[in-house]
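Quick notes on the structure that follows.
The structure presented is a predicted model; accordingly, all values stated were derived computationally and were not measured. Both ligands and their constituent atoms are indexed starting at 1 by order of listing.
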Amino acid sequence: MKQLAIFASGTGSNAARIIHHFRHHPQIRIGLVVCNKPGAGVLDIAEKEEIPVMLIEKERWFRGDGYLSVLRSHDIDWLILAGFLWKMPAVLVKAYPGRIINIHPALLPKYGGKGMYGRFVHEAVLAAGDTETGITIHYVDELYDHGQIIFQAPVEVSAGDTAESLAQKVHRLEHEHFPRIIEKVIEAAP
Ligand code: GRF
């Protein structure tokens, strides 16, 4: 059995899709939901699904052990970042080489890096006048939005699109592809 920890800080709509996707999977299960925001929607989802939750705080995350001991005590094999904004500490990148996957709401390498999240990404796409945007699923290294790209899917930016409408289009793509790409990557891993 491969066990995933889902890292999320927001409403958790991607987390919910991932949890649903793997609910009856014979080899992959969600062992932990990790969150840095008390009260985040993803915590309710985890509770409903009876998945253990770990609330993390900044000091220990960045200057301590990255909670590696807790991840290990839950037998976590893969870290899945679904709307998680804190940078991965080196200790975790080292402990999970090629085993950390993030989703980014744009076509990297465009619109990545520190501060490029949520509506800031969609506003930048609109300001640049791009005719398409999309999603990127990639491995995580120690730099923001930098690791090797696993999968991308585009969507058209139409006249009249707003940051909100782009966010909706991008979310649709994320929900469609993220769970199945995670499954594919894990099944193909040695
Ligand atoms: C997603 O758009 C993801 O790409 C980004 O944060 C958002 C999280 O949305 N990094 P949700 O909490 O899964 O609804």
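- Annotation: side chain of I100 is not in contact with side chain of Y139 (no heavy-atom distance under 4.5 Å).
- The residue from I76, D77, I19, I182 that alone fulfils the side-chain contact (heavy atoms from CB on, under 4.5 Å) condition with L4 is I182.
- Remark: E49 engages R23 in a salt bridge, criterion side-chain N to carboxylate O under 4.0 Å.
- For ligand 1 and S13, the ligand atoms under 4.0 Å from any heavy atom of the residue are 11 (P), 12 (O), 13 (O), 14 (O).
- Which parts of ligand 1 touch G83 is read off a 4.0 Å heavy-atom cut-off, strictly below it: atoms 5 (C), 6 (O), 8 (C), 10 (N).
- Within the structure, the closest approach of G12 to ligand 1 falls below 4.0 Å when heavy atoms are considered.
- Protein heavy atom at the shortest distance from atom 9 (O) of ligand 1 is H171 NE2, 3.1 Å.
- Close approach of ligand 1 to E174 is summarised as follows: ligand atoms under 4.0 Å from at least one heavy atom of the residue are 1 (C), 2 (O), 3 (C), 4 (O).
- A salt bridge links D161 with K169: at least one charged nitrogen is closer than 4.0 Å to a carboxylate oxygen.
- Ligand 1 does not have V170 within reach: every non-hydrogen atom of the residue lies 4.0 Å or more from it.
- Under 4.0 Å is where a charged nitrogen must lie from a carboxylate oxygen, and between D65 and R60 at least one such pair does.
- In summary, of the residues considered (H104, Q152, K110), a side-chain hydrogen bond (donor to acceptor under 3.5 Å, both in side chains) with T136 occurs for Q152 alone.
- Any N or O atom pair closer than 3.5 Å counts here, and H104 shares no such pair with ligand 1.
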